[in-house]
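Just below is one structure, and these are the notes that go with it.
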Amino acid sequence: MEYLIKGKIYINNNFQKGYLLIKEGKISEIFFSKENPNYPLINYENYYILPGFIDSHIHFLELGLLNIFPDLSSISSLNDLFDVVADAQRNLSYFPFLIFFNFDLEKIKEKRYPQRKELDKIVDKKVLIILQIDGHTTILNTYGLKKIFNQNIISGMELNRYKEPTGILRGEANERVHKYYKKNLPDDIKILAFKEAEKNVIQNGITTLCAMVGEEEDNSYEILLDNLSSFKIEIIIFPQIKDINKVKNLGFKRIGGCILIDGSLSSYTAALYEPYEDNPHTSGILYFTDEELYNFLRKADNEGLQIAVHAIGDKAIGQVIKVYEKFLKENSLRHRIEHCEVLNQELIEKIKKLNLVVSCQPAFEYYWGGKGKLYEKRLGKRIEFTNPYRSLLNENIILVGGSDAPITPPNPLLGIYSALNHPNERERISLKEAIDLFTKNSAYGVFLEERKGEIKKGYDADLVVLERLPANDYDIKIKAVFKKGEIIWQVD
Ligand SMILES: [Zn+2]
Ligand SMILES: [Zn+2]
């Protein structure tokens with residue numbers, strides 16, 4: 001079907017009143033004068049029409065699991081937690097284990113994690129897993145500890161004074177729990193989770209996304225790949241494994257995602273050059289030696305794969321750069337650093353020189369930036385250089401935008417709003433630059449800039465129709481979402 005859409009259209013970094021002629025899923029013509037009466041018209045006269053949003057970093061399985069298993073992000077005390085766990089014990093008895101997402105220590109009035117013995121009082125014959133909101137700390141009950149670790153004590157387990165595990169796990173032990181639950185989730189629940197995640201992102205105007213999925217013992221990327229044609233949106237899979245041959249054999253053009261170079265600031269595991277402001281005994285963890293990282297990055301690059309790795313702290317970012325400097329010339333494969341939160345001028349210059357793509361999540365600043373919040377607590381004066389978008393763009397570094405959902409909501413309007421209202425005023429960027437993060441730049445970040453990310457003749461008719469622009473707030477009505485010319489979401 002051929003039809004016209006009328007509205008304030010985002011073209012060449014400006015909004016102009018005009019018409020888009022949509023034909024066979026593409027933008028076939030753009031008119032600025034009178035409409036052509038030969039075509040049916042969808043009139044969004046008072047609305048803004050932008051390219052469909054592209055989120056460059058979503059944990060697609062975990063986002064969907066949040067709609068299936070309990071979300072703890074709104075609880076404020078340990079008693080609330082125990083109530084939610086007791087409810088789940090009654091209502092979710094058919095699942096092989098109980099898992100809870102988004103526990104946020106910052107919001108808990110007791111300012112501590114639950115102890116495994118407290119959890120045992122509610123659930124003692126099934127594995128119970130509580131995940132901290134940043135994904136870098138886990139709490140288990142005693143049954144879970146026995147089942148997953150078989151009485152062994154490994155690195156990252158917090159111990160009490162009798163040298164027994166408290167049930168609080170970080171680092172390697174935390175990683176092991178993530179692997180356990182993903183490996184043991186039945187395939188049908190994974191597919192259900194992907195579908196739930198898709199529903200969620202469409203309502204937020206997302207028409208394309210980078211899905212960070214799987215890990216060494218979790219083949220979720222294969223399940224998603226097998227079902228790719230059943231989704232309405234376009235999904236670019238980042239298989240988060242280090243097995244280069246396997247990735248090649250499955251036909252992927254890229255590897256990685258949140259392959260951890262370091263941990264997170266919230267869990268004191270992001271690797272910093274200087275110790276943590278509020279915990280001077282540590283400066284974080286590097287998960288790879290230089291040599292291991294060199295072997296992995298060099299081989300993946302040789303095999304023609306685009307690489308994405310997770311690096312948050314300056315020391316982790318510095319390690320990735322140091323390794324790339326040994327062999328990378330033009331970065332024609334567009335290797336990316338995901339997060340890249342704690343920077344300095346020297347690192348920025350090196351990123352520029354290596355032509356690395358920076359995959360940022362502006363909503364991190366919304367939640368953790370500014371006076372008295374997480375970044376300041378952990379980093380002190382170093383907040384001068386957290387997520388320095390202005391400084392990065394001034395060097396013409398390609399910045400792609402994402403949410404890291406479910407860590408922050410998969411909402412590009414929030415991302416755009418956060419980038420232009422950066423708590424550090426010197427690092428704010430303009431509305432148009434912020435829109436680019438979630439459209440044009442994100443398309444470039446996965447080699448799709450020749451058919452996506454802009455409203456242009458011949459491009460996919462992926463569009464989002466907004467009531468207002470996200471400059472002063474982000475609670476904005478999304479009137480409609482088009483994917484290849486089909487309406488996949490609309491409200492009256
Ligand atoms: Zn990550
Ligand atoms: Zn991530």
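Numbering of ligands and ligand atoms starts at 1, following listing order.
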**Request:** Please find the N/O/S atom of His57 nearest to the Zn ion (ligand 2) and write down its name.
**Result:**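 It is NE2 of His57.
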
**Message:** If I consider every N, O or S atom in Asp404, which one ends up closest to the Zn ion (ligand 2)? I only need its name.
**Reply:**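 Of all N, O or S atoms belonging to Asp404, OD1 is the one nearest the Zn ion (ligand 2).
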
**Prompt:** Looking at His339, which of its N, O or S atoms is the nearest one to the Zn ion (ligand 1)?
**Reply:**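 When I compare the N, O and S atoms of His339, NE2 is nearest to the Zn ion (ligand 1).
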
**Item:** Rounded distance [0.5 Å steps], CG in Leu272 versus OG1 in Thr282
**Value:**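 Result: 8.5 Å between the selected atoms.
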
**Request:** Verify the distance test for His310 against the Zn ion (ligand 2): any N/O/S atom under 2.8 Å, yes or no.
**Result:**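 Of the N, O and S atoms in His310, none lies under 2.8 Å from the Zn ion (ligand 2), which means no.
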
**Prompt:** Below 2.8 Å, any N, O or S contact between Glu338 and the Zn ion (ligand 2)?
**Reply:**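 Glu338 does not place any N, O or S atom closer than 2.8 Å to the Zn ion (ligand 2).
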
**Prompt:** Does NZ or CZ of Lys195 fall inside the cone over Phe231's six-membered ring, less than 6.0 Å from its centre and within 45° of the axis?
**Reply:**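 Yes, Lys195 and Phe231 form such a contact.
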
**Six-ring centre of Phe149, Arg176 cation under 6.0 angstrom, axis tolerance 45°** =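 No, Arg176 does not sit over the ring of Phe149.
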
**Message:** Distance alone, cut at 3.5 Å: any donor-acceptor contact between the side chains of Ser283 and Lys315?
**Reply:**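 There is no such pair between these side chains.
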
**Request:** Please report the shortest heavy-atom distance between Ser391 and Phe385, naming the atom on each side.
**Result:**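 In terms of heavy atoms, the two residues are closest at OG-CE2, 4.2 Å.
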
